[in-house]
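Read the structure below first, then the notes.
FYI, the numbering just counts along the sequence from 1.
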Amino acid sequence: AALLGRGRIHLLRANYEAARDAYRPVLALIEQTGDPWLERIATNHLAVIDTCLGNYQRAMAAAVRSLELCRRYGDRAREGDGLVVVGTILFEVGLLNEAAAAFAEALDLLSRTASPWSRADCLIYAGVCDLRRGHSGGLAMLDEAVAEARRLGARYLEAHALIARAGAHLRRGAMPAALDDAAEGTAIARAATLVGYEIQGLARQAVAL
C-alpha cells in the first residue's frame with residue numbers, strides 16, 4: 001500500500017518517470033505473490049502513467065489487464081476506474097465515440113458502487129469528451145464535477161475540473177469565464193503542489209488573456 005501511495009503521489013505531481021520507477025518493486029511483488037488485488041490496482045495506475053507519457057499501446061494493454069482482473073474477481077468499483085482509463089486512452093487517440101461509450105459505462109458503474117471520488121473524476125473526462133464531440137451537455141458534466149469535488153473536499157479533483165472547464169470555455173470563446181476558472185484552478189494546483197495541473201492552468205490563463 002505504501003509503494004502504491006508513493007507512485008500515486010508522483011503521478012499526481014506529474015513526475016511520470018518517477019512514478020513508473022516507484023511501481024517497479026510493486027511489479028516485483030506481483031511476480032512473487034501473484035496477488036490479483038495488487039495487480040489490478042498497479043496495472044490501472046501504470047496505464048495512467050503510460051497514457052501521460054504517450055505510450056498508448058502499452059497503456060491499453062495494462063488497462064485491459066486491470067479490467068480483466070476486476071471482472072474476474074467482481075471488483076465493480078475498480079472496474080469503473082479501469083473503464084475511465086480505457087476511455088481516456090481512446091480519447092487521446094481520437095476515438096471519441098468509443099471513449100464516450102466507455103465513460104458512460106464507467107459513470108453507471110461508479111454511481112451504483114458509491115464511488116463519488118472516481119465518479120467525479122470520470123465526469124471531467126466524460127464532459128471534455130462530449131464537448132469535443134459537439135455535445136453541449138458536456139459543460140453540465142464539468143459543472144457537476146466542480147461541485148462534487150468541492151463537496152468532497154478533493155482539491156486535486158477541483159483543480160482538474162476547473163482547468164478542464166477553463167478549456168471548455170476557451171473553445172466556446174467565453175474568455176472571462178475561462179480566465180476565472182483557469183486562475184482558480186491554478187491557485188489550487190499550486191497550493192497542492194500539483195505541477196501538471198498548474199502548468200495547464202497557467203497555459204489556459206495565457207490563452208484567455
Seminar exercise, completed: The salt bridge (charged side-chain N to carboxylate O under 4.0 Å, His left out) partners of Arg13 (sequence neighbours excluded) come to none
Problem set entry | Short side-chain donor-acceptor distance under 3.5 Å, Glu92 and Thr51 | no
Exercise. Among side-chain atoms of Arg78 and Asn44, is any donor-acceptor pair under 3.5 angstrom?
Worked result: no
Membership question, hydrophobic clusters at under 4.5 Å side-chain separation (ILVMFWY): are [Y] and [X] in the same one?
X: Ile163; Y: Leu12; result: yes
X: Tyr16; Y: Leu27; result: yes
X: Ile41; Y: Ile89; result: yes
X: Leu46; Y: Leu53; result: yes
X: Leu83; Y: Leu107; result: no

Exercise. Please, which pairs that meet salt bridge (Lys or Arg N to Asp or Glu O under 4.0 Å) have at least one residue in residues 194-209, sequence neighbours excluded?
Worked result: Arg190-Glu198
Exercise. Can you list every salt bridge (Lys or Arg N to Asp or Glu O under 4.0 Å) pair that touches residues 108-117, not counting sequence neighbours?
Worked result: Asp108-Arg112
Exercise. Among pairs that include at least one residue of residues 45-83, which meet ring-ring contact (aromatic ring centres under 6.0 Å, His included), considering only residues two or more places apart or in two chains?
Worked result: Tyr23-His45
Exercise. ring-ring contact (aromatic ring centres under 6.0 Å, His included): which pairs involve residues 79-113, sequence neighbours left out?
Worked result: none
Close side-chain approach of [X] to [Y], heavy-atom, < 4.5 Å:
X: Leu29; Y: Leu3; value: yes
X: Leu131; Y: Arg171; value: no
X: Pro116; Y: Leu152; value: yes
X: Ile199; Y: Val195; value: yes
X: Leu110; Y: Cys122; value: yes

Nearest 0.5 Å please: distance from the [atom1] atom of [X] over to the [atom2] atom of [Y].
X: Glu79; Y: Ser115; atom1: CD; atom2: OG; value: 11.5 Å
X: Glu39; Y: Glu68; atom1: CD; atom2: CD; value: 9.5 Å
X: Glu184; Y: Ile188; atom1: CD; atom2: CD1; value: 5.0 Å
X: Arg71; Y: Arg76; atom1: CZ; atom2: CZ; value: 8.0 Å
X: Cys70; Y: Arg65; atom1: SG; atom2: CZ; value: 10.5 Å
X: Asp180; Y: Arg165; atom1: CG; atom2: CZ; value: 9.5 Å

For this session: Using modelled atom types only, decide if a donor and an acceptor are shared between the side chain of Thr113 and the backbone of Leu109 within a distance under 3.5 Å.
Result: yes
State, to 0.1 Å, how close [X] and [Y] come at their nearest heavy-atom pair, and which atoms those are.
X: Leu157; Y: Ala120; result: CD1-CB, 4.1 Å
X: Ala99; Y: Cys129; result: CB-SG, 4.0 Å
X: Ala100; Y: Asp130; result: CB-OD1, 4.3 Å
X: Ala182; Y: Gly201; result: CB-O, 3.7 Å
X: Ala106; Y: Gly80; result: CB-O, 3.6 Å

Problem set entry | Residues which pass side chain to side chain donor-acceptor pair (under 3.5 Å) with Arg132, listed by chain and number, not counting sequence neighbours | none
Exercise. Side chain to side chain donor-acceptor pair (under 3.5 Å) with Asp121: which residues, sequence neighbours excluded?
Worked result: none
Exercise. Do Glu144 and Arg150 pass the salt bridge (Lys or Arg N to Asp or Glu O under 4.0 Å) test, and can you show the C-alpha distance, the side-chain angles, and the key distance before you say yes or no?
Worked result: CA-CA 10 Å; Glu144 185 180 353; Arg150 286 172 174 164; over 6 Å; no
For this session: List the steps, then state whether salt bridge (Lys or Arg N to Asp or Glu O under 4.0 Å) holds for Glu148 with Arg119.
Result: CA-CA 9 Å; Glu148 185 66 2; Arg119 184 177 176 277; 5.7 Å; no
With sequence neighbours left out, what residues match [X] under side chain to side chain contact (heavy atoms under 4.5 Å, CB included)?
X: Asp35; answer: Thr33, Trp37, Leu38
X: Ala145; answer: Leu123, Ile124, Ala161
X: Arg24; answer: Arg20, Asp21
X: Ala177; answer: His169, Ala174

Problem set entry | Glu17/Ile49 under side-chain contact (heavy atoms from CB on, under 4.5 Å): CA gap, chis, key distance, verdict | CA-CA 8 Å; Glu17 298 292 350; Ile49 293 166; over 6 Å; no
Problem set entry | side-chain contact (heavy atoms from CB on, under 4.5 Å) between Met60 and Leu90, worked out | CA-CA 9 Å; Met60 185 60 85; Leu90 292 168; 4.0 Å; yes
Problem set entry | Residues which pass ring-ring contact (aromatic ring centres under 6.0 Å, His included) with Tyr197, listed by chain and number, not counting sequence neighbours | His160
Exercise. Quick one: which of Leu67, Ile30, Leu69 gives a side-chain contact (heavy atoms from CB on, under 4.5 Å) with Arg40?
Worked result: Leu69
